[in-house]
Protein chains: 4
Amino acid sequence: MGSTPQARRSDTRERIQKTALDLFVSHGYEKTSLREIAEALGVTKAALYYHFKTKEDILSAISRDLGRPVDELIAWAEEQPPTPETKRELLRRYSAALASAMPVYRILQENQATLRDLAVGRELRDRVTAISRLMHAGDLESGCRMRVTSAVLTVHFGAFTLDGAFTPDEEAGTAEQRREALLGVALDTLSGAYSPAPTPALAPDHA
Amino acid sequence: MGSTPQARRSDTRERIQKTALDLFVSHGYEKTSLREIAEALGVTKAALYYHFKTKEDILSAISRDLGRPVDELIAWAEEQPPTPETKRELLRRYSAALASAMPVYRILQENQATLRDLAVGRELRDRVTAISRLMHAGDLESGCRMRVTSAVLTVHFGAFTLDGAFTPDEEAGTAEQRREALLGVALDTLSGAYSPAPTPALAPDHA
Amino acid sequence: MGSTPQARRSDTRERIQKTALDLFVSHGYEKTSLREIAEALGVTKAALYYHFKTKEDILSAISRDLGRPVDELIAWAEEQPPTPETKRELLRRYSAALASAMPVYRILQENQATLRDLAVGRELRDRVTAISRLMHAGDLESGCRMRVTSAVLTVHFGAFTLDGAFTPDEEAGTAEQRREALLGVALDTLSGAYSPAPTPALAPDHA
Amino acid sequence: MGSTPQARRSDTRERIQKTALDLFVSHGYEKTSLREIAEALGVTKAALYYHFKTKEDILSAISRDLGRPVDELIAWAEEQPPTPETKRELLRRYSAALASAMPVYRILQENQATLRDLAVGRELRDRVTAISRLMHAGDLESGCRMRVTSAVLTVHFGAFTLDGAFTPDEEAGTAEQRREALLGVALDTLSGAYSPAPTPALAPDHA
DNA sequence: GATGAATGAGGGTTCATTCAT
DNA sequence: AATGAATGAACCCTCATTCAT
């Protein structure tokens, strides 16, 4: 009954974000011009400026929207005690959050040089830094810290490369299955960080 | 014995590469203009075109020069049998090679969107892919493959982030020490891939 | 009597004029955008177009309102005989009128290039021309005319520069006092125009 | 003799300045676009940027070139003792310098709002301020100062308006003749500043 | 071995203005 | 009485690249 086929108050703003996100992901932030975005939407460049103050502002809005799950995760983690179990859970949730917020983080990942001096770049990097900080919270011993770092690197960069250079194509299973398998490895690495066994940095046989 | 007139043949080409490398690393490939490079060198833009065909060609030359150690590593690995010990050694050497070729790989890492459709981008990515492929050579079981992937991710991305978002500042030791510690963790993860113990992907407690 | 509902008829039009005037004076006509005016008022650009037909129309209304004293002065002078005493009085009154209508004339003064082809620019210039014409009315001799010109220039441009480049900061007195002092000099110059003494243009010692 | 019809090293830079000056004078600085300048010259906008860093830089070069006579005048005056005769001579020379540098000062005069926040605007204003300062040097008494101010205003603004609103068209003589006549009036006003007679500001009959 | 001069294409951004609601 | 949305034209500026000298 009465689906409004055309929202009264224009939905252009959201359409811009959606289109821009697609283009930023596929061509890169810098290489996507406002003209391209506008043309893809069938509006004028000036229309973009009615809805957003600058090009960066478009990415900023995208970052805010898609980054929310990670922000909430950070907020959650900040209220937990920094126990091994909290970290295991944080890693699990981060892996899941990343999977859903993939596009924005891919933009950060693939346009670091460009985003370096943009405020939105800082926003994005800050989230990653916060996760990393929380994963290391309270850890003192160097060997242990490196295991944590390895676990975070595995989950974070694994997310971007599940279908890329690092996991050969013949790889079996869906992206989701592979994500979980990789998370499993990361959790395993993490376990080693908090078990009494000597950390590998001190083990004699790796040098 | 005397100045070798041959050796004095303009070193401009090398100076261009050096300066360009510095700027590509610090500002990014796209955001570094030929004007900047020329000005930093005290020559004209046109001079750059005397020595290189295009902007991309400059990066290409850099990539060839700095990528050689990794190329040699790949060539070496391709002649070894794909044993666990070969892979351990490959990972060790890759970690070392990365440390010395850091600048080029950082350029790849931070300008992926820009380099995506450039030939030089492919060159750079191919090296990474080759290492990854060799590390996975002969592996069949999924759980095992993921451990390998994790180890490679740890070594590869650890190299870029030893002083960044993923390893908190208070981290002790020099960059070199941290690299080795991280390599230790990666080797440890790798060990799990080839030991008889059940791989974590199959363990019941991670879901 | 109560609240006169008539009187409450939106005062927006006047608020627009007032705000626009302030901005035109402080940033210049060209460099003040309708967006700025609208934002300063807390309304939309479209609202401005409800009250005024164009941007120029806003300045036009301002010009009409603030220019009235000068218009009346011109009307008055046109009915006087062109005697020296009339001119003295005209100069006095012009000096006073300028002081109160300063903002509009400052806009004319500082945006001549922009207002050159606008109708409102002509309106504004016409007032100045009329004053000048009336001051010269009936004068025939060149030397005399130049004294009049100097007197008008002194009063007119003195008004804009009482606190600017032409009167050093250490200058004593209020702006009002300085205006009167300058008017005094102008009147003095004017006196020379109608006294029997030889006008300086003919004097032998200035060449 | 061999007049080189085409200078070897392109004279484009000077042609740009010349064309820009014309357009700045006739349309105003803001309203003259780089496209216009380029088209008038038969070159591309980019060519302008080869010769000048910015639009402002073009005006800056013009200002430096045309402003030189005034700069030299200021330098000269700064080495003279601040006697009445020095000031008379300064006024004479300023009148002459203005006549030759007219175009630039007209640009300043007619685009004040635009040039307000530009560095080149300051350059231009500084010259005027310097002349005014030197004309007032050593003067203490208010009435005297106002005569000086009037003299400077007359010479300075007279230069812009010899053919404009302030001197009616029917005015006899060439622009040069009128300039000298006006200078005569200004010198006369100046004389009053340094004669023993009471200054008009104190005279009882002007209020 | 290098320069000076120039170009064409495109960048992001701002503006006064319009119009249906 | 006023708004939200949009436009078209123009803006200044930067870029990689070319070519005669």
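So you know, we letter chains A, B, ... as the sequences are listed, proteins then strands, and number each from 1.
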Got a sec, which residues hit salt bridge (Lys or Arg N to Asp or Glu O under 4.0 Å) with [X], two or more places apart in sequence or on another chain?
X: A/D22; answer: none
X: D/R64; answer: none
X: A/R15; answer: none

Residues at least two apart in sequence or cross-chain that pass side-chain hydrogen bond (donor to acceptor under 3.5 Å, both in side chains) with B/R13, listed by chain then number, are none
The side-chain hydrogen bond (donor to acceptor under 3.5 Å, both in side chains) partners of C/R68 (sequence neighbours excluded) come to none
Per-nt protein contacts along nucleotides 12-17 of chain E (heavy atom under 4.0 Å; B base, S backbone sugar-phosphate only, - none) come out as BBBBBB
Below 4.0 Å: OP1/OP2 of F/dA5 and any side-chain N or O of A/Y50
yes
Result for 5'-nearest mapping on DNA chain F, choosing between C/V43 and A/G42, is C/V43
Result for 5'-nearest mapping on DNA chain F, choosing between C/H51 and A/R13, is C/H51
Gap between atoms [atom1] and [atom2], on [X] and [N] respectively (whole Å):
X: A/D11; N: F/dA6; atom1: CG; atom2: C1'; result: 14 Å
X: D/R15; N: E/dG4; atom1: CZ; atom2: P; result: 20 Å
X: D/E39; N: E/dT7; atom1: CD; atom2: C1'; result: 15 Å
X: D/L41; N: E/dA5; atom1: CG; atom2: C1'; result: 14 Å
X: B/L48; N: F/dC19; atom1: CG; atom2: C1'; result: 16 Å
X: D/I37; N: F/dA10; atom1: CD1; atom2: P; result: 16 Å
X: B/H27; N: F/dC15; atom1: NE2; atom2: C1'; result: 16 Å

Contacts satisfying salt bridge (charged side-chain N to carboxylate O under 4.0 Å, His left out) that involve residues 110-120 of chain A (not counting sequence neighbours) are A/R106-A/E110, A/E110-B/R116, A/R116-B/E110, A/D117-B/K31
Would you name the heavy atoms of [X] and [Y] that are closest together and state the gap between them?
X: C/A40; Y: C/T19; result: CB-CG2, 3.7 Å
X: D/G28; Y: C/A113; result: CA-CB, 3.5 Å
X: D/I58; Y: D/A20; result: CG2-CB, 3.6 Å

With the side chain defined as heavy atoms from C-beta on, A/T12 is closest, among E/dT7, E/dT3, F/dA5, to F/dA5
DNA chain F in dot-bracket form (Watson-Crick or G-U pairs under 3.5 Å, [ ] crossing, | inter-strand) is .||||||||||||||||||||
Here the side chain to side chain donor-acceptor pair (under 3.5 Å) pairs for residues 38-62 of chain C, sequence neighbours left out, are C/S60-C/E123
Residue pairs meeting ring-ring contact (aromatic ring centres under 6.0 Å, His included), one or both in residues 11-32 of chain C, sequence neighbours left out, come to C/F24-C/Y29
Within residues 109-122 of chain A, the residues having a heavy atom closer than 4.0 Å to DNA chain F are none
